[in-house]
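Notes for the one structure printed next.
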Amino acid sequence: MDTLRPYLAGASILDLFAGHGRLAYAALENGAHRALLIEKNRTTAKELEDLRPKKLLKHQESRVLCQDVWTFLKVPGSDLYDIIFADPPFPEWSESFEKQLFAALPSFCHPGTILLVKIPSKVLISSHHPGFTLWKINHFGESQLAYFTYGKTNE
């Protein structure tokens, strides 16, 4: 959250492959305005509802959508997000998966959207995705978190 803290006040968050929703819920606790969490597993989605922060402010909102991420991404919504988290199951990660993910995201981004992608530490993520600029990568044991910005370079 330290890297994202300056961008969280009033931000809209999209959490793909939400799992336990830690990133989205931490963003809300640190000032984000709204979060949409996408999780296809019904049991996990129900747990996400139960784990929703109890102290949301009146202007904050959080919603869990029990749906496959790819189904969600096929239908561009009217909402654009300031920060998008993607934490796909590591066994699904491949070069074609990566290309499919980055190709689906622009309709949910505005210039300046921050994209965080959690990937296995053994994977070398491409920095060549149209519209996205690799900002930095943090390594955490068996995983790494790649930060991208959309539509502009990060200074």
[Y] and [X], any side-chain heavy atoms less than 4.5 Å apart:
X: N30; Y: R5; value: yes
X: I114; Y: L4; value: yes
X: L116; Y: L23; value: no
X: S121; Y: F140; value: no
X: T149; Y: L134; value: no
X: L115; Y: F108; value: no

(request) Would you please indicate if the ring centroids of F85 and F17 are separated by under 6.0 Å? (result) no

[X] side chain to [Y] backbone, donor-acceptor under 3.5 Å:
X: E47; Y: H20; answer: no
X: E39; Y: T44; answer: no
X: E142; Y: K122; answer: no
X: Q60; Y: L28; answer: yes

How close do [X] and [Y] get, counting heavy atoms only, and between which atoms?
X: P88; Y: K118; result: CD-O, 3.6 Å
X: Y25; Y: L48; result: OH-O, 2.7 Å
X: D15; Y: G21; result: OD2-CA, 3.8 Å
X: S126; Y: F148; result: O-CZ, 3.6 Å

(message) Show every salt bridge (charged side-chain N to carboxylate O under 4.0 Å, His left out) that has at least one partner inside residues 91-113, sequence neighbours left out.
(response) E95-K99

Report yes or no: do [X] and [Y] belong to one cluster of Ile/Leu/Val/Met/Phe/Trp/Tyr joined by side chain heavy-atom distances under 4.5 Å?
X: I125; Y: F97; answer: yes
X: F102; Y: W70; answer: yes
X: L80; Y: I13; answer: no

(message) Counting neighbours of NZ on K74 that are heavy atoms of other residues, nucleotides or ligands and sit closer than 6.0 Å, is the number greater than 12?
(response) no

(message) Can you tell me if H139 has over 12 outside heavy atoms packed within less than 6.0 Å of its NE2?
(response) yes

Kindly compute the distance separating [atom1] ([X]) from [atom2] ([Y]), expressed to the nearest 0.5 Å.
X: D68; Y: I38; atom1: CG; atom2: CD1; answer: 10.0 Å
X: E61; Y: H33; atom1: CD; atom2: NE2; answer: 5.0 Å
X: S62; Y: E49; atom1: OG; atom2: CD; answer: 7.0 Å

(message) Working note: C109 + F132, criterion side-chain contact (heavy atoms from CB on, under 4.5 Å); need CA distance, chi angles, decisive distance, verdict.
(response) CA-CA 10 Å; C109 298; F132 291 92; 4.1 Å; yes

(message) With no hydrogens and no angle check, just 3.5 Å: does a side-chain donor-acceptor pair link T3 and K136?
(response) yes

(request) Kindly indicate, with the supporting measurements, whether the criterion side-chain contact (heavy atoms from CB on, under 4.5 Å) is fulfilled by K40 and V69. (result) CA-CA 7 Å; K40 75 175 180 179; V69 166; over 6 Å; no

(request) Would you mind telling me which of V117, L37, L105 makes a side chain to side chain contact (heavy atoms under 4.5 Å, CB included) with L16? (result) L105

(message) Could you walk me through whether F72 and L14 satisfy the side-chain contact (heavy atoms from CB on, under 4.5 Å) test, starting with their C-alpha distance in whole Å, then the side-chain angles of each, then the deciding distance to 0.1 Å, before giving a yes or no?
(response) CA-CA 11 Å; F72 173 80; L14 175 61; 3.9 Å; yes

(message) Under the criterion side-chain contact (heavy atoms from CB on, under 4.5 Å), I'd like the reasoning laid out for Y147 against I137: C-alpha separation, chi angles, the key distance, then a yes or no.
(response) CA-CA 6 Å; Y147 293 72; I137 298 177; over 6 Å; no

(request) Determine which pairs satisfy side chain to side chain donor-acceptor pair (under 3.5 Å) with at least one residue from residues 79-89, sequence neighbours left out, and list them in order. (result) S12-D82, D82-H110

